[in-house]
Amino acid sequence: MKYVNQPVRKTDAMALVMGKPVYTDDLAPKDCLIVKILRSPHANAWVEDIKTGNAEKVAGIACILTYKDVPQKRFTLAGQTAPEMSPDDRLIIDRHVRFVGDVVAIVAGETEDAVDKALKRIRVQYRVEAPVLDMHKAKDNPILVHPEEDWKLKIPLGGNNKRNLCAEALEEHGDVDKVLSECKYTVEQTYHTKANQQTMMETFRTACYMDHFGRLVVLSSTQIPFHVRRIVGRALDIPASKVRVIKPRIGGGFGAKQTSVSEIYPAIVTWKTGRPSKMIFSRYESMICSSPRHEMEITVRAGADENGIIKAIDVYTLSNTGAYGEHSSTTVGLSGHKSIGLYRHTEAYRFAFDVVYTNVQAAGAYRGYGATQGIFAVESAVNELAHKMGMDPVRIKELNMPIEGGPLPGYPDVPYAQSCTMDKCMARAKEMMDWNSKYPFRDMGNGKVRGVGVAMAMQGSSIAGVDVGGADIKLNEDGSYTLALGCTDMGTGCDTIMAQIAADCLETPMENIVVFSVDTDISPYDSGSYASSTTYTTGVAVMKACQELRKKICELGAQMLEVDQEKVDFDGSYVFCDGEDEEKRVSLEQVALKGTFFNNIELQVVKQHSSPLSPPPFMVGMAEVEVDTETGTVEVLDYVAAVDCGTPINPNLARVQTEGGIAQGIGMALFEEVQYTEKGKVRNNSFMQYKIPTREDFGNIRVAFESSYEESGPFGAKSIGELVIDTPCPAIAEAIYNATGVRVRELPITPEKVAMGILKKKLEK
């Protein structure tokens, strides 16, 4: 291959570094109304009365909407599939506000100053009720987050709004209790991961306008353009055919923009006024009313025999979806499916979960999508089990890890690992870290101790039988190709990846492939960029489209050469007769010109692809930390990652994905946590209070690839985007334990927790 598996520069690199106008706010109409939200100061209250008269008198105010002015048809903001697995539990504006920051009124005006002034003049009378803030007390609490009668769950997933339950389920195989009772070594512990914000550079933002056909055009920074079309249509109670969604460049998403956080508010303003509008979330709004990671508390029981073979795993997850149920039932599933599957000898397993409503901001999709929380719990439990046995945690993983052709217990999307180099990943990571000489710790003699830790991870490649990728490839009159995609490049470089695949399939220079961003009117349907699906699913759609277009080029070339199609071939530049002299050929440009102006063969192909499988990528991560035993301060000195993502289509982009995911994982492990007051208000609502790691907060990140070949993926590729955030939390927790003997089971692992753990151990002696 000339381009696949090569470190090709991103197609949009120069436009981005030169500051070209490519983002939503750059492309929004200049005469947009400014849209802002009046937000609830209460975690649980009812709007008894709202007066907007004085606000409407402010010069420049064009529109003020309250619950009286919006459709009363419930919907969900989650963007995944249809029918959507998340409950219909939202209105654009509801009388019942369910968290601090919930929507009370929408204000649109000519200037930001006018809107800010109007917001201050709205008078609201609330009936305040006690909130449910503790997820442990939410289930069957007499205080209901969703008491409404029109709450609806379209797929039976155990949800019951009258019990504050968004979803519940139990899956089991074999007799877990019996097998555990027969195990020589067992462990039972509970692990707690707090909510985290995605903190993408570009906040949520949307601009809307009406076109000359009377249709609503939504220009938005979103990962799910086609789902946004459906969501906006349902929210406004208009046909989806009246909505067109255009996605420009995205300044990061990490799952946050898989929820339609901002689109419905300017959409209803434009629909009602006929005027362009836009809404730009401030960083403050993105911290208090967005879609953070689900807080989860996971209890793990695991057992092994005297040889270190893990026989049984029992996982129970309590997940906090917050005030609304976006992505709640799907996210929680990964906490078990992606963690239990890491141990191939498991004879019996049980996975149960409850997802509860509380009066805090609604959680949503975040890179890793529940697997991150589950892998932290299960990997930590297995590490603890290894210590009980007096075994190196690396060894227990070597004995139990997935192998190619081996089973993946509790992972319903793939019954066995059809492509897997986890063993090579472990060996490579061990070598890179120099594990044998550093394990378990080294006392540096100055009050600081260095420890190392290890974790394995697996994710998925799209949602099996659900996610759809689409590609539209067209030969232009000058011999260039236009590649229309429905997938969403959010900085990941998927436009570049698809151009690489198309260039090799068509044997043409990459600069000859013109890729353009998503427009639901003209792009092929694609379910969106999430669930690690883009390269794996859309990549195959691109291959199928290119293969079909090659056939059409050969068909027309054969007509021009006046020979049977079976006798011609195409080398990217010419259609030629096999074994004939050079005169028996026509150039691609000749075919293109003929195909454009004088021909009945359409030189354009649209293909879609959906995989019945979700082959997991695999990874081993190892961390070396240095702990100051006086202060509890933890410094990540070195992090090594060995990754099996199949064939990396672009090794540079795969490396950057890995490094970025690890950095986010370090933030989750050591710094990040959405905190609430006793009244449900977010405490850390800016980057002054919400700590994310900078480049100075960790040392080396080193990445190696141990490639497998996944036959169902494009050129053997699997996914990588989510996998790479999954190992830092358990690996760092294990490294801290090896350095100090302190086991912290609640994230983030702050200096206070470590220092108090060290002090407690000293007092116990």
Side-chain angles (χ1 to χ4, degrees), residues 135-136 187-196 293 295-302 315 317-318 320 335 339 368 372-388 393 439-441 443 447-457 621-639 662 664-675 684 691-693 697-698 725-765:
M135 69 176 179
H136 302 92
V187 66
E188 180 176 355
Q189 294 293 349
T190 298
Y191 305 88
H192 191 183
T193 57
K194 301 292 188 70
N196 312 128
R293 186 187 295 283
E295 176 190 14
M296 291 187 188
E297 187 175 84
I298 301 176
T299 299
V300 181
R301 294 194 300 158
V315 174
T317 302
L318 175 63
N320 183 1
S335 68
S339 56
T372 315
Q373 298 96 309
I375 288 171
F376 168 64
V378 171
E379 283 297 275
S380 294
V382 170
N383 287 341
E384 293 197 51
L385 187 61
H387 288 293
K388 257 192 173 182
Y439 175 78
F441 70 90
D443 192 328
K448 296 182 178 181
V449 183
R450 294 182 179 181
V452 290
V454 61
M456 303 188 300
M622 290 184 176
E624 182 179 21
V625 305
E626 184 173 85
V627 182
D628 187 321
T629 56
E630 293 296 319
T631 65
T633 302
V634 177
E635 182 181 356
V636 179
L637 301 177
D638 192 16
Y639 200 96
I662 289 169
Q664 284 184 308
I666 291 171
M668 182 178 176
L670 298 178
F671 306 113
E672 298 184 48
E673 168 191 4
V674 179
Q675 301 172 354
N684 42 354
K691 167 69 175 173
I692 60 174
D697 288 313
F698 50 86
I725 198 173
D726 290 336
T727 60
C729 292
I732 290 170
E734 171 69 7
I736 291 169
Y737 172 79
N738 286 330
T740 65
V742 174
R743 177 70 66 180
V744 183
R745 301 184 182 93
E746 180 183 75
L747 301 180
I749 306 174
T750 61
E752 292 83 356
K753 292 175 185 175
V754 177
M756 293 304 292
I758 293 172
L759 178 60
K760 183 180 178 182
K761 288 181 68 66
K762 287 180 179 178
L763 293 174
E764 287 173 351
K765 289 181 181 179

Side chain to side chain donor-acceptor pair (under 3.5 Å) partners of Thr629, counting only residues at least two apart
none
Set of side chain to side chain donor-acceptor pair (under 3.5 Å) partners for Ser335, sequence neighbours left out
Thr317
Does any non-hydrogen side-chain atom of [Y] lie less than 4.5 Å from one of [X]?
{"X": "Asn383", "Y": "Pro393", "value": "yes"}
{"X": "Leu318", "Y": "Thr190", "value": "no"}
{"X": "Pro693", "Y": "Glu672", "value": "yes"}
{"X": "Glu295", "Y": "His192", "value": "yes"}

Can you name the residues that form a ring-ring contact (aromatic ring centres under 6.0 Å, His included) with Phe441, not counting sequence neighbours?
none
ring-ring contact (aromatic ring centres under 6.0 Å, His included) against His387, all qualifying residues, sequence neighbours excluded
Tyr737
Holding to salt bridge (charged side-chain N to carboxylate O under 4.0 Å, His left out), I want the full list of residues that pass it with [X], two or more places apart in sequence or in another chain.
{"X": "Asp628", "result": "none"}
{"X": "Glu734", "result": "Arg743"}
{"X": "Arg301", "result": "Asp177, Asp314"}

Under 3.5 Å, side chain of Asn738 to main-chain N/O of Gly451, donor-acceptor pair present?
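Pair absent, no side-chain N/O of Asn738 close to backbone of Gly451.
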Is the side chain of Asp726 donor-acceptor paired with the backbone N or O of Gly368 at a distance under 3.5 Å, no angle test?
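No, Asp726 side chain to Gly368 backbone: no donor-acceptor pair under 3.5 Å.
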Quick one: side chain to side chain contact (heavy atoms under 4.5 Å, CB included) partners of [X], sequence neighbours excluded?
{"X": "Lys691", "answer": "Phe671, Asp697"}
{"X": "Pro748", "answer": "Lys194, Glu673, Thr750, Lys753"}
{"X": "Ala731", "answer": "Ala455, Ala623, Tyr639"}
{"X": "Thr193", "answer": "Met296, Gln373, Phe376, Met668, Leu747"}

Between [atom1] on residue [X] and [atom2] on residue [Y], distance to nearest 0.5 Å:
{"X": "Glu624", "Y": "Arg450", "atom1": "CD", "atom2": "CZ", "answer": "6.0 Å"}
{"X": "Ile298", "Y": "Ile375", "atom1": "CD1", "atom2": "CD1", "answer": "10.0 Å"}
{"X": "Glu384", "Y": "Arg745", "atom1": "CD", "atom2": "CZ", "answer": "4.0 Å"}
{"X": "Ile666", "Y": "Ile692", "atom1": "CD1", "atom2": "CD1", "answer": "13.0 Å"}
{"X": "Leu759", "Y": "Glu630", "atom1": "CG", "atom2": "CD", "answer": "10.5 Å"}

Which pairs pass ring pair (Phe, Tyr, Trp, His ring centres under 6.0 Å) with one or both residues in residues 743-765, sequence neighbours excluded?
none
Taking all heavy atoms of Gly374 and all of Ser339, pick out the closest pair and write down the distance.
O-CB, 3.7 Å
